[in-house]
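Quick note: numbers below take in every heavy atom, side chains included, and nothing from hydrogens, waters or symmetry partners.
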Amino acid sequence: EAAKGGKRIHGPAKAFQAAALMKLGRSDESEKIATSLLESASKASPGASVFYSVGLMETLRGRADVAKEYFQRALDADPSFWPARIELER
């Protein structure tokens, strides 16, 4: 999936892109992005930013409990990853 100018979208931007596509009624495209994020999170050792991105996506989908699990996984992967800590404290 390419963004403007042919650049690939990574991390949290993917979560926001999926949410925007869903709001625009483009659920098939949104689901492809969501699936891609979830696949990244299921790899052998994803980084904290991958778990954080999935947490954002789940938050935007209205699934706060699932989102908190991913934010916690981000902190487990990197205890100094402050964006996940902020989300957990909300």
Distance-only criterion, 3.5 Å: show the donor-acceptor pairs between side-chain atoms of residues 63-70 and protein atoms not counting sequence neighbours.
from	atom 1	to	atom 2	distance (Å)
R63	NE	E58	OE1	3.2

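- Residues in residues 45-64 take part in these ring-ring contact (aromatic ring centres under 6.0 Å, His included) pairs, two or more places apart or across chains: Y52-F71, Y52-F81.
- Applying the under-4.5 Å side-chain rule to Ile, Leu, Val, Met, Phe, Trp and Tyr, the cluster around I86 extends to W82.
- The minimum heavy-atom distance between L75 and L88, with the atom names listed, is CD1-CD1, 3.4 Å.
- Evaluation of the side chain to side chain donor-acceptor pair (under 3.5 Å) rule for R85 yields no partner, not counting sequence neighbours.
- Listed here is the closest heavy atom pair of A15 and L60: O-CD1, 3.7 Å.
- Among residue pairs with one or both ends in residues 75-84, none qualify as salt bridge (Lys or Arg N to Asp or Glu O under 4.0 Å); sequence neighbours excluded.
- Residues S53 and K14 are not in side-chain contact: their nearest non-hydrogen atoms beyond the backbone lie 4.5 Å or more apart.
- With S30 as reference, L21 is the one residue of L21, T35, L24 to meet the side chain to side chain contact (heavy atoms under 4.5 Å, CB included) rule.
- Residues passing the side chain to side chain donor-acceptor pair (under 3.5 Å) test with E39, sequence neighbours excluded: none.
- Listed here is the closest heavy atom pair of A41 and V54: CB-CG2, 3.9 Å.
- Note that CZ of R90 and OG1 of T59 are 8.5 Å apart. Values are rounded to the nearest 0.5 Å.
- Of the inter-residue distances, the one linking I33 atom CD1 with M57 atom CE reads 10.0 Å to the nearest 0.5 angstrom.
- Ionic pairing of K23 and E29 is not present here: no N-O contact between side-chain nitrogen and carboxylate oxygen is shorter than 4.0 angstrom.
- The closest donor-acceptor contact from the side chain of S36 to the backbone of K32 lies at 3.5 Å or more, if one exists at all.
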